[in-house]
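Here the structure is laid out as structure tokens; the discussion comes afterwards.
Below, chain A is the first sequence line, B the second, and so on; all start at residue 1.
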Amino acid sequence: MPELPEVETIRRTLLGEKAGAPSIRGLTINGAIIFWERTLDIPSLEEFGLRIVGQQVKDIGRRGKYMLVRLTDDTLIIHLRMSGDLWVEGQDLSLGQHYRMVLNFDNGSRLVFNDARKFGRVWLVSDPEQVLGKLGPEPFDPALNEQNFYESLRSRRRQLKPLLMDQTFIAGVGNIYADEALYRARLHPLQLSSRVTQGDAARLLESIRAVLQEGIERHGASIDWIYRGGDFQNYFGVYRRTGEPCWNCGTPIARITVGQRGTHFCPTCQKGNDGTA
DNA sequence: ACGAGCGCCTGTCGGC
DNA sequence: TGCCGACAGGCGCTCG
């Protein structure tokens, strides 16, 4: 899926912050269609339609990888998972093959939730905490600092890569940015969190923030057939660079599988202190 | 408290 | 050309 930078890019586009893109803020929903039933988590199909029609888009927020469309009475929460995308277009256009939800607005435009793999989910709730309650800290929250990040790492005994991708540990980091953050911090993906030093923790937090920030500035990464317009994929340090030379030392980038996910790292620059490298 | 495996889905790509 | 497995930006579940 899109990770935090891609979700943030889409959020800004839906608010009209990208040149030529119309904002949906202030528009009123006068029709809603779900094309794939499992896309809707809660409430029921019947209640969803009855409840959402007539509500106005007040603002769009984000929490981790979740898009939060704040309406008059409820919040429409959308998770894009692996292949989801959101955009605005005219109601006169024909429907695409992978449209899973469409919201029609009173000005003749519509919001499209497109999702080839059907993993995406939407929730319509009065209290967003019902869905977001278990999420860990937002990466850019100033309340997250070197000290409590260090303590949070030490309090668990997890491999760093799966831990970074655990949304209850920190929200918004996925497979690409976990690999990139560990590379930047010079930490091995299998190193145990219980054994990091204060310096390791400080570098890792700084690295997470730096790669997410760069991802946002480059409007996210666009890979495979899911094109979203960003160009961060041209600046990857390790992700999908298997066999290519490390920018720092020239060693071929290695690929291993961790938690069923492709994991890329430099065997020379990223040494673990737990015997894994 | 962990990690591993699997299910959910469709599409693309490389090898034969 | 066609088929077939590997792989893909995520996450919830079960099982040791």
| message | Between A:E8 and A:R11, does any side-chain N to carboxylate O distance fall below 4.0 Å? | response | yes

| query | What about A:Y177 and A:F232, are their ring centers closer than 6.0 Å? | reply | yes

| query | Taking atom types as modelled and ignoring hydrogens, do the side chains of A:E180 and A:Y235 form a donor-acceptor contact shorter than 3.5 angstrom? | reply | no

| task | Go through the steps to decide whether A:R240 and A:D224 satisfy the test salt bridge (charged side-chain N to carboxylate O under 4.0 Å, His left out), and finish with yes or no. | result | CA-CA 11 Å; A:R240 290 207 192 177; A:D224 287 348; 2.8 Å; yes

| field | Spacing between A:L86 atom CG and C:dG9 atom P, to the nearest angstrom | value | 20 Å

| request: Grab the CG-C1' distance between A:D41 and C:dC11 for me, whole Å please. | output: 12 Å

Short heteroatom pairs, N/O only, protein and nucleotides 2-6 of chain B, under 3.5 Å:
residue	atom	partner	partner atom	Å
B:dC2	OP1	A:R157	N	2.9
B:dC2	O5'	A:R157	O	3.3
B:dG3	OP1	A:Q159	N	2.8
B:dG3	OP2	A:R158	NE	2.5
B:dG5	N7	A:Q260	NE2	3.0

| Are A:F119 and the base of B:dC8 stacked, counting only ring centres nearer than 5.5 Å and planes tilted under 30°? | yes

| message | Is A:R38 close enough to B:dC8 that one of its side-chain N or O atoms is under 4.0 Å from OP1 or OP2 there? | response | no

| query | So, is A:H98 close to the B:dC9 phosphate, meaning a side-chain N or O under 4.0 Å from OP1 or OP2? | reply | no

| message | Can you check the distance between C:dC7 and B:dC9, where both ends of the measurement are the P atom (answer in whole Å)? | response | 22 Å

| Nearest-Å distance for atom pair CZ/P, residues A:R117 and C:dG9 | 9 Å

| task | Provide the distance between the two P atoms, one in C:dA6 and one in B:dG5, to the nearest whole Å. | result | 14 Å

| note | Taken to the nearest whole Å, CZ/A:R121 to P/B:dC9 is 7 Å

| field | Base-pairing mate for B:dC9 - Watson-Crick or G-U, with both contacts under 3.5 Å | value | none

| request: May I ask you to say what A:E180 touches in the nucleic acid, namely base, sugar-phosphate or nothing, with a heavy-atom cut-off under 4.0 Å? | output: nothing

| request: Could you check which nucleotide pairs with C:dG9 in any of the strands shown, counting Watson-Crick or G-U wobble with both distances under 3.5 Å? | output: none

| Any side-chain N or O of A:K65 under 4.0 Å from OP1/OP2 of C:dG9? | no

| Separation of atom OH in A:Y239 from atom P in C:dC7, rounded to whole Å | 12 Å

| field | Separation of A:I170 CD1 from A:L204 CG (nearest 0.5 Å) | value | 8.0 Å

| message | Applying a 4.0 Å non-hydrogen cut-off, can you work out what A:S222 is touching in the nucleic acid: base, sugar-phosphate, or nothing? | response | base

| query | Under 4.0 Å between a Lys/Arg side-chain N and an Asp/Glu carboxylate O for A:K161 and A:D179? | reply | yes

| Interatomic distance, A:Y177 OH vs C:dG10 C1' [rounded to whole Å] | 15 Å

| message | Using OP1 and OP2 only, check whether a side-chain N or O of A:H79 sits under 4.0 Å from C:dC11. | response | yes

| task | Using the side chain to side chain contact (heavy atoms under 4.5 Å, CB included) rule, take A:T13 and A:L86 through it: C-alpha gap first, then chi angles, then the decisive distance, then the call. | result | CA-CA 9 Å; A:T13 301; A:L86 293 164; over 6 Å; no

| request: For the side chain of A:P2, starting at C-beta, report the closest nucleotide among B:dG11, B:dC9, C:dG9. | output: C:dG9

| query | Is A:E3 salt-bridged to A:K65, cutoff N-O under 4.0 Å? | reply | no

| task | Round to a whole Å and report the spacing from CZ of A:R154 to P of B:dA1. | result | 18 Å

| task | Kindly say if A:R261 contacts the phosphate of C:dA6, meaning a side-chain N or O under 4.0 Å from OP1 or OP2. | result | no

| message | Expressed as a whole number of angstroms, how long is the span from A:K118:NZ to C:dA8:C1'? | response | 17 Å

